[in-house]
Amino acid sequence: MNVKELKVKSIAVLIPSDKVHASLLEMGFSVYSTATTVSDGRFWNKMLFVRGEERVSVSDEIGDVYPKDPVITICGSTSTISKIVGVLD
Amino acid sequence: MPFYECNENQFVENVRRLIESRQSFAVNRRISIYDDYKYGLAIIPDQEFEKYAMVCDRKGYKHTVYAKVPFVDDFHGRFYSEGETLHSGSTLNFPRISLPYYKVEYSFNLWGSTYSHTFDGLFEPNIVIEKKDLSARMRKTIQARKSNMLVHVLKLDPPDDKMLALNLPNQVIIFDVKKMTRVFD
């Protein structure tokens, strides 16, 4: 894949992060690493998925919070972005 | 000069809009390590605290944290004995063990305004049992005779570089900077 073709998209979705993880694994992404981050005074569990040059990070707020709206940031081809957005719709 | 703070979603989407509108811009990134007692064991969520549960205990969020076993904090080179208070529930702003972190700041300037996104990446605890040379003072607190003994060791590992980066395409120019100065007109 040509690196120059990669595009970026970030979305916040109201579906559980487990479902997002499962969809990414089904699409051939693998977990690269996890980390705990803090932004806006909130703790997040950030998971990075990779497939070749494509990268998807899923940040899910830690704890019993409502609503849970994981932030998904995709750096991938146009078709990968549409596929992920389609699965999460 | 206006300064706008964005969350990750907003910042990345703003960058995407700029790329699509073919604007020329550069993203500045500043990554700095902090160990300033901003984060302590009493004020981290339960899910994060569980990673430290082998060496310490607490009744709940914002409750006093005690050492469950004697252990060495390898990052700061300190020793804690069993029952020692690690973060008091009555002094939440002053933890005894500081949890180090990387502060990551992304920003770009457009038409005289600055748009930024900031987050902290916490170091990851890694608790092992190791043979350590303990000083006489350390040995006294746990009534040990041998200087070289097996003890719990709390290591704090920095997060992977890729976890500190935002997922931006390669055509985005990122400049790493040491200091950001905000100028107010």
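Only heavy atoms go into these numbers, but all of them, side chains included; no hydrogens, no water, no symmetry mates. Just so it is clear: chains get the letters A, B, ... in the order the sequence lines come, proteins before strands, and each one is counted from 1.
- To the nearest 0.5 Å, the span separating SG on A:C75 from CG on B:L166 amounts to 10.5 Å.
- Here the shortest heavy-atom pairing between B:K162 and A:L48 reads CB-CD2, 3.8 Å.
- Just one residue in the list A:L6, A:T73, A:I72 forms a side chain to side chain contact (heavy atoms under 4.5 Å, CB included) with B:N167, and that residue is A:T73.
- Heavy-atom distances place no part of A:V50 under 4.5 Å from chain B, backbone and side chain included.
- Both B:F11 and B:L164 belong to a single network of hydrophobic side chains, linked directly or stepwise wherever heavy atoms of I, L, V, M, F, W or Y lie under 4.5 Å apart.
- In terms of hydrophobic clustering, with Ile, Leu, Val, Met, Phe, Trp and Tyr side chains grouped at heavy-atom distances under 4.5 Å, B:M54 and B:F75 are assigned to a common cluster.
- Within a 6.0 Å radius of CZ in B:F94, other residues, nucleotides and ligands contribute 12 heavy atoms or fewer.
- In terms of non-hydrogen atom pairs under 4.5 Å with chain B, the most contact-rich of A:I74, A:V38, A:T37 is A:V38.
- B:Y115 and B:V104 fall within a single hydrophobic cluster, where Ile, Leu, Val, Met, Phe, Trp and Tyr are joined by side-chain heavy atoms under 4.5 Å apart, directly or via other members.
- One hydrophobic cluster, built from ILVMFWY side chains closer than 4.5 Å, holds both A:I11 and A:F29.
- Rounding to the nearest 0.5 angstrom, the gap separating the CG atom in B:N7 from the OG atom in A:S10 is 8.0 Å.
- Proximity to chain A is limited to the backbone of B:I43, based on heavy atoms less than 4.5 angstrom apart.
- Only the side chain of B:D160 comes within contact range of chain A, judged by heavy atoms closer than 4.5 Å.
- Within 6.0 Å of atom OH in B:Y66, 12 or fewer heavy atoms from other residues, nucleotides or ligands are found, so the atom counts as exposed in its surroundings.
- With a 4.5 Å cut-off on non-hydrogen atoms, B:Y101 does not touch chain A at all.
- Heavy-atom contacts from other residues, nucleotides or ligands closer than 6.0 Å to NZ of A:K83 number 12 or fewer.
- A:K46 approaches B:M163 most closely through the heavy-atom pair NZ-O, 3.1 Å.
- A single hydrophobic cluster is not seen to contain both B:I44 and B:Y61; linkage of ILVMFWY side chains at heavy-atom distances under 4.5 Å, directly or through other members, places them apart.
- Note on residues 106-126 of chain B: pairs passing salt bridge (Lys or Arg N to Asp or Glu O under 4.0 Å), not counting sequence neighbours, are B:K38-B:D120, B:K51-B:E124.
- B:E8 and A:S39 form no side-chain donor-acceptor contact under 3.5 Å, judged by distance and modelled atom types alone.
- Only the backbone of A:T34 comes within contact range of chain B, judged by heavy atoms closer than 4.5 Å.
- Considering only heavy atoms from C-beta on, A:K7 stays 4.5 Å or farther from B:R16 through its side chain.
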